[in-house]
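Scroll down for the structure; my scribbles are underneath it.
In what follows, every chain begins at residue 1, and chains take the letters A, B, ... in the order their sequences are listed. Given the structure is predicted, the values throughout are model-derived calculations rather than measurements.
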Protein chains: 2
Amino acid sequence: MSLPHAILTALLEKPSSGLELTRRFDRSIGYFWSATHQQIYRELGKLEQAGHIRALPSDQPARGQKKDYEVLPAGLQELTSWVTRPEDPRQIRDPLLLRLRAAAVVGGPDMEAELVRHLELHRAQLEDYLAFEQRDFPPGRRITRQDRLRHVVLRGGIELETFWTKWLTDTLAELRDPEDGPTRHAAPDGP
Amino acid sequence: MSLPHAILTALLEKPSSGLELTRRFDRSIGYFWSATHQQIYRELGKLEQAGHIRALPSDQPARGQKKDYEVLPAGLQELTSWVTRPEDPRQIRDPLLLRLRAAAVVGGPDMEAELVRHLELHRAQLEDYLAFEQRDFPPGRRITRQDRLRHVVLRGGIELETFWTKWLTDTLAELRDPEDGPTRHAAPDGP
DNA sequence: TGAACCATGTAAATAGTTACATGATTAA
DNA sequence: TTAATCATGTAACTATTTACATGGTTCA
């Protein structure tokens, strides 16, 4: 049930049309919740029905005409209540980990090329995130609570991609040149 | 398209009935690909239709009777080819990151309790994984290629949960006692 | 005028979740 | 003999993906 809330968040940041939202879901918001334009148009319809958003008045509201939406008070209230509503983290569901496990069962065909490809994709994504951080959150600057929230979210993305690059690097090394098993690292203790 | 492959993998490890598979999807395999019993029964039907698995002969194949499945050569072939088939990593899709971003927009209601709750859940999961590692992959033991594959998969789970506990701990500290922004860590360079 | 792009949408298929139904076996 | 549990399944709903349809605008 996150897509409507992702859309409300995006519309609060800036009233937009369906296509503009789609573009923004390819960048910022989309880095943590992706959606296609079909999902977005459908959801905009539902949100309008529910009275959470409305289309801004327009001269010619015809097919093929741009239609901008803004959030109504009911929508803001729904989003606010969703923010603190308890929701358990999802189970991990990762095809690559699953494929490695399958490889163990079918006798381990060569996955090296695929692992290298994933490593490169994750490295590229990490670089992008780090560039955003440089640009939007340069060190030693007074920031608001809102900036701080946005920054920890970006740190989440950065550290996730860091995890993947590190794990893929270790895994490749382990499968190429097996020593005594994967590197172990101490689990962090609480502060 | 991963569920049928998850099931084929589980059935190769051990021929099972639908309910047994459901149990195993609550443990081992399910740590990386979860599924409900309804999904599993439906998929077993499809896999049988496709000639990838078959029900083992039984005396009384009636409703309410246990039915065990085993993988046929066609199923093994399909799984083997899937293992090396290129498939891009999924975009991140995480409700908690999204909620933090929404919090930045609606004015930051108090998410501390929810963050603490998630931290505890991730810590518990991490402990479980570490216990599995102790049990199944004790240090200093000769292991086969298959064991090595299984171990790197488990390391993936361990390091993912380590990331979450660390990021949540940092985020809580940052939102409680704001200094100059989230802690930065150097990005790893390639070897 | 026609190609490229902007913009909104419909349709159909696949995937996943939630609720409920039904028969078989076992043990109090 | 009834309650609990094992085991398989149906139905309905929600979410997501893929393919296609339609009209408007701009510019060569």
Rounded to whole angstrom units, what separation is found between the [atom1] atom of [X] and the [atom2] atom of [N]?
X: B:Lys66; N: D:dG9; atom1: NZ; atom2: P; value: 14 Å
X: A:Arg23; N: C:dA7; atom1: CZ; atom2: C1'; value: 9 Å
X: A:Met1; N: D:dT14; atom1: CE; atom2: P; value: 10 Å
X: B:Leu56; N: D:dT8; atom1: CG; atom2: C1'; value: 16 Å
X: A:Leu3; N: D:dT14; atom1: CG; atom2: C1'; value: 12 Å
X: B:Phe25; N: D:dT8; atom1: CZ; atom2: P; value: 14 Å
X: B:Tyr69; N: D:dA7; atom1: OH; atom2: P; value: 14 Å
X: A:Asp88; N: C:dT17; atom1: CG; atom2: P; value: 14 Å

| query | At under 4.0 Å between heavy atoms, what does A:Arg93 touch on the DNA or RNA strands: base, sugar-phosphate, or nothing? | reply | sugar-phosphate
| task | Measure up the B:Trp167 and B:Trp164 rings against each other and bin them: parallel (under 30°), tilted (30 to 60°), perpendicular (over 60°). | result | perpendicular
| Taking the inter-plane angle between the rings of B:His118 and B:His122 on a 0 to 90° scale, is it parallel (under 30°), tilted (30 to 60°) or perpendicular (over 60°)? | tilted
| field | A:Leu98-A:Leu121 co-clustered via ILVMFWY side chain contacts under 4.5 Å | value | no
| In terms of hydrophobic clustering (I, L, V, M, F, W, Y; side-chain heavy atoms under 4.5 Å; direct or indirect links), are A:Leu72 and A:Val83 co-clustered? | no
Give the table of side-chain donor-acceptor pairs shorter than 3.5 Å for residues 127-134 of chain B, with sequence neighbours excluded, one pair per line with atom names and distance.
{"residue": "B:Glu133", "atom": "OE1", "partner": "B:Arg155", "partner atom": "NH1", "Å": "3.1"}
{"residue": "B:Glu133", "atom": "OE2", "partner": "B:His151", "partner atom": "NE2", "Å": "2.7"}
{"residue": "B:Glu133", "atom": "OE2", "partner": "B:Arg155", "partner atom": "NH1", "Å": "2.8"}

| message | Using the rule given for side-chain hydrogen bond (donor to acceptor under 3.5 Å, both in side chains), can you reason through B:Arg24 versus B:Ser16, listing the C-alpha separation, both sets of side-chain angles and the distance that settles it, and then say yes or no? | response | CA-CA 10 Å; B:Arg24 291 168 62 198; B:Ser16 307; 2.9 Å; yes
| remark: Considering only heavy side-chain atoms of A:Lys67, the closest of D:dC6, C:dA7, C:dG9 is C:dG9
| task | Taking only heavy atoms on the protein side, list every residue of residues 33-52 of chain B lying under 4.0 Å from any atom of DNA chain D, sorted numerically. | result | B:His37, B:Gln38, B:Tyr41
